[in-house]
Amino acid sequence: METNLTGFALLEDPKHNRGTAFSREKRQEKHLIGLLPPAVETLENQVKRCLFQLSKKNNDLEQYIYLAQLADDNQTLFYAVLATDPERFLKIVYDPTVGTACLEFGHIYRKPKGMYVSMEQKGKLREVLKNWPVEDVRVICVSTGGRILGLGDLGTNGMGIPIGKLQLYTACAAVQPDVLLPVLLDCGTDNEKLLGDPLYLGLKQKRPSTDELDAFVQEFVDAVQERFPKCCIHFEDWKGTDAIRLLARYVNQISCYNDDIQGTGSVTVAGLYNALKISKSSLKDQRVLFLGAGSAGIGIANMIASAMKLEGLSEKDARARISLFDVNGLLEPSRKDLSPDQQPYAHTAKPAKDLVAAINELKPTILIGVSTVGGTFTKQVIEAMSKLNDRPVIFALSNPTEHAECTAEEAYKFSKGNAIFAAGVQFDRVTIDGKSYEPSQANNFYIFPAVGMAIVATEAKHVPDEIFITAARATADQVTDEQLAKGMLFPPQTDVQKASHVTAVKSAERIFELNLARVEKPKSIDKLITSLEYKPIYEG
Ligand SMILES: NC(=O)C1=CN([C@@H]2O[C@H](COP(=O)(O)OP(=O)(O)OC[C@H]3O[C@@H](n4cnc5c(N)ncnc54)[C@H](OP(=O)(O)O)[C@@H]3O)[C@@H](O)[C@H]2O)C=CC1
Ligand SMILES: CC(=O)C(=O)O
Ligand SMILES: [Mg+2]
């Protein structure tokens with residue numbers, strides 16, 4: 001244990017605090033005698049107490065608050081508790097409960113975590129970043145709170161997302177927590193409810209123009225490069241148009257990626273690889289229709305097109321197999337509101353405002369929801385997909401739960417059990433007429449922690465889509481035939497650390513192949529990753 005802290009200062013430092021697990025010798029050495037109850041406990045016993053206390057909480061948000069406080073008190077114990085049951089705790093510290101926590105952020109706030117970098121500090125960001133006490137930050141997860149899950153603009157309340165995402169780097173892929181920094185880039189909010197809330201913690205002003213935002217982001221990017229030269233910037237939950245524009249600007253310039261675009265593209269392709277093993281067909285033969293054409297929709301579409309190209313299609317032919325439908329209807333050439341990223345998917349077709357009509361016209365084999373709007377995959381939509389396909393692939397990816405385009409139960413019921421279904425959240429198993437169905441969770445948490453570990457291990461200078469295609473294949477290939485037979489498209493969440501390790505190793509190999517690493521290639525990438533992995537135990 002390396003720290004000069006003693007007494008209460010030590011007990012208040014989450015990295016070094018062990019609470020009742022401080023040995024008698026350490027209590028003596030660190031001036032803790034009298035500051036703790038006499039029992040000297042093991043970490044296992046402390047975990048038991050936490051689980052008991054969690055069992056007394058009345059709802060998921062209360063569990064979230066309890067765990068947030070635990071993370072502030074004792075980092076080791078926090079990650080040890082999460083490790084007891086990743087499947088149970090992923091939905092508490094992350095999606096969907098983190099959505100409720102973000103809605104309530106100003107109300108449940110206790111203690112600062114990470115950094116709040118606001119437009120008030122424009123021109124001084126280099127100075128601001130110096131206030132962070134850790135010198136070697138390797139990943140910053142940064143949001144403007146512009147589009148938090150499917151909940152819209154939540155301004156500074158969005159801070160729950162960078163915090164939760166980075167906790168998953170550690171909980172899923174064992175990245176050392178010290179090298180991770182959540183940042184909320186506060187550029188105001190257009191959310192009137194928050195602007196009128198006396199407990200709102202962000203800047204009470206409207207969002208700036210695109211030019212002003214971009215200049216602020218540029219200053220932030222420059223300040224990060226200077227203060228943390230080995231740091232990768234993970235963009236998360238920005239307004240869709242900002243997300244796409246800024247990724248295009250920085251992806252070949254600095255170490256950065258956008259999880260909603262690239263991570264979501266990757267996890268969806270992983271799910272499709274396995275869905276198509278079940279339906280015994282190949283990706284290049286599919287026709288894909290999206291509901292939603294924002295950052296996730298375009299990100300997934302581009303990733304599917306890249307994966308189709310690997311199966312021999314040209315870029316043009318791959319894109320011809322993909323169509324998108326948004327709030328204004330089908331994307332087609334007569335639409336005057338399309339962005340340059342949407343235009344390649346605007347194929348000649350009859351204009352359509354009705355999703356069922358578009359399905360009947362385009363005859364998709366795969367339907368993907370990234371619209372942010374719950375219930376949009378109606379009975380008629382699912383029935384239309386089922387009439388056209390023996391095994392329609394239906395992914396309702398919008399978060400959190402109420403925003404999913406359909407529930408698992410609806411997907412199975414309206415398709416008579418034939419849908420190959422995944423959602424952004426984990427729905428419970430469904431039983432219809434005595435037959436049980438296992439819905440999958442297509443959520444980027446299978447990808448970003450593992451890719452994050454690969455980036456940390458290799459000090460990757462850029463993070464292009466190729467790495468995410470590799471991560472998709474690595475994740476998909478870990479699902480066994482037996483699991484596929486149950487309809488599982490992803491590795492079991494109980495094994496998420498094992499799965500993330502394998503995906504991290506493969507992603508790191510790809511980073512070396514692409515000459516993007518800033519470290520020398522080791523003899524064993526597997527051993528390199530293992531050597532970096534954080535373990536929630538008290539050492540020394
Ligand atoms: N499962 C996962 O791992 C992930 C899930 N997501 C989820 O995907 C959703 C979308 O994210 P993202 O693409 O970044 O968000 P964006 O805001 O960028 O895009 C939303 C898209 O949906 C369209 N849309 C809005 N309302 C409707 C409607 N009623 N019918 C059809 N289309 C509609 C919007 O059109 P317009 O722009 O014209 O309003 C836009 O094209 C979110 O709910 C998010 O939680 C995102 C990342 C990962
Ligand atoms: C999961 C995720 O990144 C999202 O819903 O935005
Ligand atoms: Mg996101």
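Numbering of ligands and ligand atoms starts at 1, following listing order.
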Under 2.8 Å from the Mg ion (ligand 3), the protein N, O or S atoms found are Glu236 OE2, Asp237 OD1, Asp260 OD1
In this structure, is the centre-to-centre distance between the rings of Phe290 and Phe325 below 6.0 Å? no
Test your reading of the structure: does Lys165 have an N or O sitting under 3.5 Å from an N or O of ligand 2? yes
Is it the side chain (CB and beyond), the backbone, both or neither of Ile148 that lies under 4.0 Å from ligand 2, heavy atoms counted? neither
Does only the side chain of Asp260 get under 4.0 Å from ligand 2, or the backbone, or both, or neither? Count heavy atoms. side chain
Say whether Tyr94 and ligand 2 are in contact under the criterion: heavy-atom distance to a ligand atom below 4.0 Å. yes
Just one of Asp260, Asp95, Asp259 clears the salt bridge (charged side-chain N to carboxylate O under 4.0 Å, His left out) bar with Lys165, so which one? Asp259
If hydrogens are left out, which of Gly369, Ser371, Gly329, Gly152 has an atom nearest to atom 25 (C) of ligand 1, that is, the closest non-hydrogen atom? Ser371
Which option, Gly374, Gly99, Ser295, Gly240, owns the non-hydrogen atom nearest atom 14 (O) of ligand 1? Ser295
Consider ligand 1: state whether an atom of it lies below 4.0 angstrom from any non-hydrogen atom of His403. no
Does NZ or CZ of Arg473 lie under 6.0 Å from the centre of the six-membered ring of Tyr273, at an angle within 45° of the ring axis? yes
Quick check on contacts: which atoms of ligand 2 are under 4.0 angstrom from a heavy atom of Asn399? 1 (C), 4 (C), 5 (O)
Atom pair CZ/OG of Phe395 and Ser440 - distance to nearest 0.5 Å: 7.0 Å
Which residue owns the protein heavy atom closest to atom 4 (C) of ligand 2, what's the atom, and how far is it? Leu149 CD2, 3.6 Å
Contact between Met385 and Pro364 at the side-chain level, heavy atoms closer than 4.5 Å - yes or no? yes
Does atom 37 (O) of ligand 1 have a protein non-hydrogen atom under 4.0 Å from it? no
Protein heavy-atom contact under 4.0 Å for atom 34 (C) of ligand 1? no
Nitrogen or oxygen atoms of Asn444 and ligand 1 under 3.5 Å apart: yes
